[in-house]
Amino acid sequence: MKLKKEISKIIAEALEQASICVDEVSVNEATRPEFGDYQYNGIMPLAKMLQRNPREIAQQVASLIKTDGMIAKVEVAGPGFINIWIDSHWLCDAASVMLQDEHFAIAPRENPIRVVVDYSGPNMAKQMHVGHLRSTIIGDTLANLLEFLGDEVIRQNHIGDWGTQFGMLVAYLEESGLDEGSENLKDLEQFYKDAKKRFDEEADFADKAREYVVKIQSGDAHCLYLWQKFIDISLGHCEEIYKELGVGLAREDVRAESFYNERLPLVVDLLEREKMVEVSEGARCVFLSGEETPVIVQKQDGGYLYATTDLAALWYRSEVLHAKRLLYVVDARQSDHFKQVFRVAKASGLVREDEQLEHISFGTMMNRDGKPFKTRDGGTVRLIDLLSEAVARAKESINSKEEYSDKELEVLAQVIGIGAVKYADLSINRESNYIFDWDKMLSLEGNTSLYQQYAYARIMSIFRRYGGEIGNTISIDTEIEHRLSLALLRFEDVLEKAAKDAAPHQITSYLYEVATLFMRFYEQNPILKEEISEEVRQSRLALASLCGKVIKQGLAILGIGVVERI
RNA sequence: GCGUUCAUAGCUCAGCUGGAUAGAGCAUCGGUUUGCGGUACCGAAGGUCUGAGGUUCGAAUCCUCAUGGGCGUACCA
């Protein structure tokens, strides 16, 4: 249900009846409970334009607002605010419909678009580390979200599988004759170090490695075979982490750097034809007005750089994938790079004019002391270690009333631990750096995943205890029921806004509000107690049920699971 | 140097295209009739929104300057 749109429509009708012309009417949630459920603040700027008294106009418009359906009453307040109360009967009906609809009464997209979400993009030469975490989970959330809302999402994992270091790695791989099961390859970081050591210490090996680079890039079958083998193994490691994280990136989503090789010279050709290329210090560059540094598309030695690869990828996504919106979930440090590359892509016609190119940037993960997240000795933290620590800590913190087998405890710790890491990251504005704090993220208090999971488990517990069928008629008697129902109905508005802004933290804030409201509702409005009539009980059960569904679905979009008992 | 981004309660963060008395959580202090999961709920206290100007009916939000951080600054990605 698009609440805001519905309310705006009613206001727009009133404005029209008052013969006032407005381009777009938009309402906001009321800032305080005594100001109603929603407020319309558009009268004041309007009054200024019309040179009239805002309060008078507000009075006139308010008197024309229909209050026989969705809106129960309106009031003019302050200099010209129009406060709006939603009708409780209307809310009941809408909430009941939402409860019965498997897609939360969210209408199918009028104009679904094809969206490419580029995220994760690990480097095949190294083990995944914490630096990959944010891109991976923010990107996955955005993909889930857009998919849920009905867009056609294409996930793209732009893995780093090309470049000089692969000659060394492949040479070392051949020499050691390893295969996928090998222990030595379990730790890519170590494998890389070992290879590097040989490269630095033994001239023969170094020569061989350099030879391999040339061979791979010129398409030598044997070398390509080894290279492919190396990538398979390395990618396999990444996929283990995706599985652990519950991230929906599959093998078919991989479009590696190497995938674009053939397009690279074509990109340069096209830019040449558009007369955008200038040779500077031997390199082929595109100079953009207002930019200090050029976009280098071909090095003086003829090699290509990441800008060229990104241009080729943009081209492919436009020409072959026909994407309308392209999201690049990449570290904020690359914002200059993307700004430039996007400009070149548009100016050269590599992408269509109407394509939306967005760099979904994010800040760095910090330690509690505010410094970049590192191990004690200053090394990078491997993602796999971080995740197992999360699960271990979760297991430790579980103080369950329920009886569990070891296996069940394992699953529980997994859901809670991984959920905590993801939620902590997703719940803050992605643009800013964020402080990684184990205690905070695994706490039951405050805006955490565990609080949501606990609320969910509590709802499930009510149903278990009740035992019977739960109807789907909701009636509202109390203030808190009204607020909770309204919050639940805002689900679609929140998701749409979060999708538009590519802002997962809007979803977590919302879920926290829902969970909090549920806790308060449950505290104040008994459900299973004897003195409660069956009719009221049924309604409250239904409301609890809708709460549970919204929390579960909301968390699912964030890639976080729930459990029936904690 | 230039560019970019940020600065909100002791701490971690919200604050949507300018709107009413700037909101949460943690921590602190106090409270909750045998409590359907008290791992919860309620309340109190806590602010010159970094500073100074400007725009206007109205600014945490927009503009300018200053101060202090982060990041980026042509052949790595």
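So that the names make sense, note that chain A is the first sequence line, chain B the second, and so on, each numbered from 1.
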- Query: Quick one: is A:Tyr451 getting a side-chain N or O under 4.0 Å of the B:C41 phosphate, OP1 or OP2?
  - Reply: yes
- Query: Does the side chain of A:Arg520 get closer than 4.0 angstrom to OP1 or OP2 of B:C42 through an N or O atom?
  - Reply: yes
- Message: For A:Thr293 and A:Asn41, find the nucleotide of RNA chain B closest to each by heavy atoms; which residue's nucleotide sits nearer the 5' end?
- Response: A:Asn41
Check: protein-nucleotides 75-77 of chain B nitrogen or oxygen pairs below 3.5 Å:
residue : atom : partner  : partner atom : Å
B:C75   : O2   : A:Gln300 : N            : 3.1
B:C75   : N4   : A:Glu281 : O            : 2.6
B:C75   : N4   : A:Glu281 : OE1          : 3.4
B:C76   : OP2  : A:Lys299 : NZ           : 2.9
B:A77   : OP2  : A:Tyr306 : N            : 3.2
B:A77   : O3'  : A:Glu257 : OE2          : 2.2
B:A77   : N6   : A:Tyr306 : OH           : 2.4

- Show your working on salt bridge (charged side-chain N to carboxylate O under 4.0 Å, His left out) between A:Arg393 and A:Glu396 and close with a plain yes or no. CA-CA 5 Å; A:Arg393 281 176 182 264; A:Glu396 215 169 289; over 6 Å; no
Sort me out a list of protein N/O and nucleotides 21-26 of chain B N/O pairs below 3.5 Å, or just none if empty.
residue : atom : partner : partner atom : Å
B:U21   : O2'  : A:Arg32 : NH1          : 3.2
B:U21   : O2   : A:Arg32 : NH2          : 3.3
B:U21   : N3   : A:Arg32 : NH2          : 3.0

- Message: Using a heavy-atom cut-off of 4.0 Å across all strands, would you classify A:Asn83 as base, sugar-phosphate, or nothing?
- Response: base
- Taking the nucleotide of RNA chain B with the closest heavy atom to each, which residue, A:Asp501 or A:Ser461, is nearer the 5' end? A:Asp501
- Between B:G10 and B:G47 - C1' atom distance, rounded Å: 12 Å
- Message: Please pick, from B:C13, B:A14, B:C41, the nucleotide with the shortest atom-to-atom distance to any side-chain atom of A:Tyr434.
- Response: B:C13
- Message: At 4.0 Å (heavy atoms only), tell me whether A:Asn28 reaches a base, stays on the sugar-phosphate, or touches nothing.
- Response: base
- Taking atom types as modelled, find out whether A:Gln156 and A:Tyr119 have a side-chain donor-acceptor pair closer than 3.5 angstrom. no
- Within the pair A:Ser509 and B:A14, is there a side-chain N or O less than 4.0 Å away from OP1 or OP2? no
- Message: At 4.0 Å (heavy atoms only), tell me whether A:Ile435 reaches a base, stays on the sugar-phosphate, or touches nothing.
- Response: sugar-phosphate
- Query: Can you tell me how far C1' of B:G43 sits from CD of A:Gln524, to the nearest Å?
  - Reply: 13 Å
- Fill in the dot-bracket string of RNA chain B, one character per base: . for unpaired, | for a pair to another strand, ( ) or [ ] for pairs within the strand, taking Watson-Crick or G-U pairs under 3.5 Å. (((((((..((((.....[...)))).(((((.......))))).....(((((..]....))))))))))))....
- Heavy atoms under 4.0 Å is the rule here; annotate nucleotides 2-7 of chain B 5' to 3' with B where the base is hit, S where only the sugar-phosphate is, and - elsewhere. B-----
- Message: Under 4.0 Å, heavy atoms only, any strand: does A:Ala77 hit a base, just the sugar-phosphate, or nothing?
- Response: base
- Task: Have a look at A:Thr448 and say if it touches a base, only the backbone sugar-phosphate, or nothing, with a 4.0 Å heavy-atom cut-off.
- Result: nothing
- Task: Would you list the pairs meeting salt bridge (charged side-chain N to carboxylate O under 4.0 Å, His left out) in which at least one residue belongs to residues 437-460 of chain A, sequence neighbours left out?
- Result: A:Arg368-A:Asp437, A:Arg368-A:Asp439
- Message: What verdict does the salt bridge (charged side-chain N to carboxylate O under 4.0 Å, His left out) test give for A:Arg537 and A:Glu534, after you've listed the backbone C-alpha separation in whole Å, the side-chain angles of each residue and the deciding distance to 0.1 Å?
- Response: CA-CA 5 Å; A:Arg537 178 174 298 146; A:Glu534 190 57 25; 3.0 Å; yes
- Message: Using a 4.0 Å heavy-atom cut-off, does A:Tyr522 contact any base of the nucleic acid, only the sugar-phosphate backbone, or nothing at all?
- Response: base
Are there any protein N/O atoms within less than 3.5 Å of an N/O atom in nucleotides 55-62 of chain B, and if so, which ones and at what distance?
residue : atom : partner : partner atom : Å
B:U56   : O3'  : A:Lys48 : NZ           : 3.4

- Is there a donor-acceptor pair closer than 3.5 Å between any side-chain N or O of A:Glu481 and the backbone N or O of A:Asp477? yes
- Query: Is it the case that A:Arg255 places NZ or CZ above or below the six-membered ring of A:Phe259, under 6.0 angstrom from the centre and within 45 degrees of the axis?
  - Reply: yes
- Item | Separation of the C1' atoms in B:C49 and B:G15, to the nearest angstrom | 11 Å
- Answer yes if the ring centres of A:Tyr328 and A:Phe338 are under 6.0 angstrom apart, and no otherwise. yes
- Message: Expressed as a whole number of angstroms, how long is the span from A:Glu29:CD to B:A20:C1'?
- Response: 16 Å
- Query: Do we count A:Phe81 as stacking onto B:A20 if the rule is ring centres under 5.5 Å and planes under 30°?
  - Reply: yes
- Query: Given the C1' atoms of B:A74 and B:A66, what is the spacing between them in whole Å?
  - Reply: 32 Å
